Trainee: 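First the structure, which I've put down as structure tokens, then a few questions once you've had a look.
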Amino acid sequence: MSLKNKVAVVTGAASGIGEQCARKLAAQGAKVVIADLSLKNAQQVATSINDGGGSAFAVEMNVVDEEAVNRGIDAAAEKFGSIDVLVSNAGIQIVNPIENYAFSDWKKMLAVHLDGAFLTTKAAIGHMYSSGRGGSIIYMGSVHSHEASKLKSAYVTAKHGLLGLARVVAKEGGPRGVRANVVCPGFVRTPLVDKQIPEQAKELGISEEEVIKHVMLGDTVDGEFTTVDDVANTVAFLAGFESAALTGQSIVVSHGWYMQ
């Protein structure tokens, strides 16, 4: 399951889970495209990977802008010659009870998570088809692709939607060698999650410690956060899996928070 010289585009790759996925793929020999809303931050990550002996290229990409997505994907294919792997990771979080959830926030959440996944898939899959080699498309879902939590109506809806998109892509792309899967992490201690802790404490009327212990980690088997390495290792495994024996699936990485 070698990734040597495969070309992998990772969105939201300038920080957090996306950055670690990009670094893991590069460490296993892939040529990595660091796609992010912040070109400056993307360039810093790409430079770090290149300085460490890997191969990386930065592109600015707003995943809800079709022209920006097409431009970034095409630039990546021109730079490295093809697209073999897409990791659709870019995401945001806005929590609120549904009666207070602004429609503008709802639309923003669905746009980043679902429109972004659709647009990057549409742009990348053509290159996978034309190469004749197929490829691997990996969506960053969540345990919330399967379970619901309070205050996260838009997030849960979007993450559920990624399962449907992946299954359609798996069926359409299968005959041409394209696989599609969803990685579903539990709570990963990133700035996105850190931001949620005081917000949920306020909305639920409990302490931040209780949010961590009972809301985020209460259903894990070991009381531990999922790590960015846990997620990146799973992404690398799916990126290198070379047959359609594993496609249209969701892989839950949650320390037992959710069990399929």
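Numbering starts at 1 and runs along the sequence shown. The shown structure was predicted, so the numbers you read here are calculated from the model rather than taken from an experiment.
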Trainee: Ignoring hydrogens and geometry, is there a side-chain-to-backbone donor-acceptor pair from Thr11 to Ala90 under 3.5 Å?
Mentor: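 It does hold such a pair.
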Trainee: Tyr155: which residues meet the ring pair (Phe, Tyr, Trp, His ring centres under 6.0 Å) condition with it, sequence neighbours left out?
Mentor: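 Tyr155: ring pair (Phe, Tyr, Trp, His ring centres under 6.0 Å) contacts with His113, His144.
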Trainee: Under 4.0 Å between a Lys/Arg side-chain N and an Asp/Glu carboxylate O for Lys195 and Glu199?
Mentor: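 Looking at Glu199 together with Lys195, the answer is yes, because their closest N to O distance falls below 4.0 Å.
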Trainee: Identify whether Val231 and Leu25 are in the same connected component of the hydrophobic contact network (ILVMFWY, side-chain heavy atoms under 4.5 Å).
Mentor: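 Yes, because Val231 and Leu25 connect within a single hydrophobic cluster, where side-chain heavy atoms sit under 4.5 Å apart.
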Trainee: Closest approach of Leu151 and Glu203, non-hydrogen atoms and distance?
Mentor: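 Heavy atoms of Leu151 and Glu203 come nearest at CD1-CB, 3.6 Å.
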Trainee: Of all heavy-atom pairs between Leu110 and Ala154, which one has the smallest distance, and what is that distance?
Mentor: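 For Leu110 and Ala154, the tightest heavy-atom pair comes out as CD1-O, 3.7 Å.
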Trainee: Please, which pairs that meet side chain to side chain donor-acceptor pair (under 3.5 Å) have at least one residue in residues 66-79, sequence neighbours excluded?
Mentor: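 Only Asp74-His127 qualify under side chain to side chain donor-acceptor pair (under 3.5 Å).
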Trainee: So which pairs with a foot in residues 42-55 pass side chain to side chain donor-acceptor pair (under 3.5 Å), sequence neighbours left out?
Mentor: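 Listed once each, the pairs are Arg23-Ser48.
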Trainee: If I take atom CH2 from residue Trp257 and atom OG1 from residue Thr220, how far apart are they, to the nearest 0.5 angstrom?
Mentor: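 That separation rounds to 10.5 Å.
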Trainee: Measure the spacing between CG of Leu162 and OG1 of Thr157 and express it to the nearest 0.5 Å.
Mentor: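 Atom-to-atom, Leu162:CG and Thr157:OG1 are 11.5 Å apart.
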Trainee: Please report the closest heavy-atom contact between Tyr258 and His146, naming both atoms and the distance.
Mentor: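 Smallest interatomic distance, heavy atoms only, reads CZ-CB, 3.5 Å.
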Trainee: Taking side chain to side chain donor-acceptor pair (under 3.5 Å) as the cut-off, I'd like each qualifying pair that reaches into residues 87-107, sequence neighbours left out, listed once.
Mentor: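 The answer is none; no pair qualifies.
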Trainee: Enter the distance from Ser130:OG to Ile125:CD1 here, rounded to the nearest 0.5 Å.
Mentor: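 Result: 11.0 Å between the selected atoms.
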Trainee: So, using side-chain hydrogen bond (donor to acceptor under 3.5 Å, both in side chains) as the criterion, who are the partners of Asp84 when residues are at least two apart?
Mentor: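 Per chain and number, Asp84 pairs via side-chain hydrogen bond (donor to acceptor under 3.5 Å, both in side chains) with Ser82, Arg133.
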Trainee: If you look at every heavy atom in Ala123 and Val69, which pair is closest and at what distance?
Mentor: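 So the minimum-distance heavy-atom pair works out to CB-CG1, 3.9 Å.
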Trainee: Report, one line per pair, each donor and acceptor closer than 3.5 Å where one atom sits in a side chain of residues 164-180; sequence neighbours left out.
Mentor:
residue	atom	partner	partner atom	Å
Arg179	NE	Phe241	O	2.9
Arg179	NH2	Phe241	O	2.7

Trainee: Lys152 and side chain to side chain contact (heavy atoms under 4.5 Å, CB included): which single residue from Ile94, Val95, Ile98 fits?
Mentor: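 Exactly one pass, corresponding to Val95.
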Trainee: Spell out, as yes or no, whether a donor-acceptor pair under 3.5 Å connects the side chain of Asn41 to the backbone of Ser15.
Mentor: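 Between the backbone of Ser15 and the side chain of Asn41 there is no qualifying donor-acceptor contact (under 3.5 Å).
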Trainee: Which atom names give the shortest non-hydrogen contact between Ile138 and Leu238, and what distance separates them?
Mentor: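 Shortest heavy-atom contact: CD1-CB, 3.8 Å.
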Trainee: Going hydrophobic residue to hydrophobic residue with side-chain gaps under 4.5 angstrom, can you get from Ile17 over to Leu3?
Mentor: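 The answer is yes; both residues are in one hydrophobic cluster.
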Trainee: Applying a strict under-4.5 Å side-chain criterion to I, L, V, M, F, W and Y, I'd like to know whether Val9 and Val182 cluster together.
Mentor: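 Yes, it is one cluster - the side chains of Val9 and Val182 are joined through contacts under 4.5 Å.
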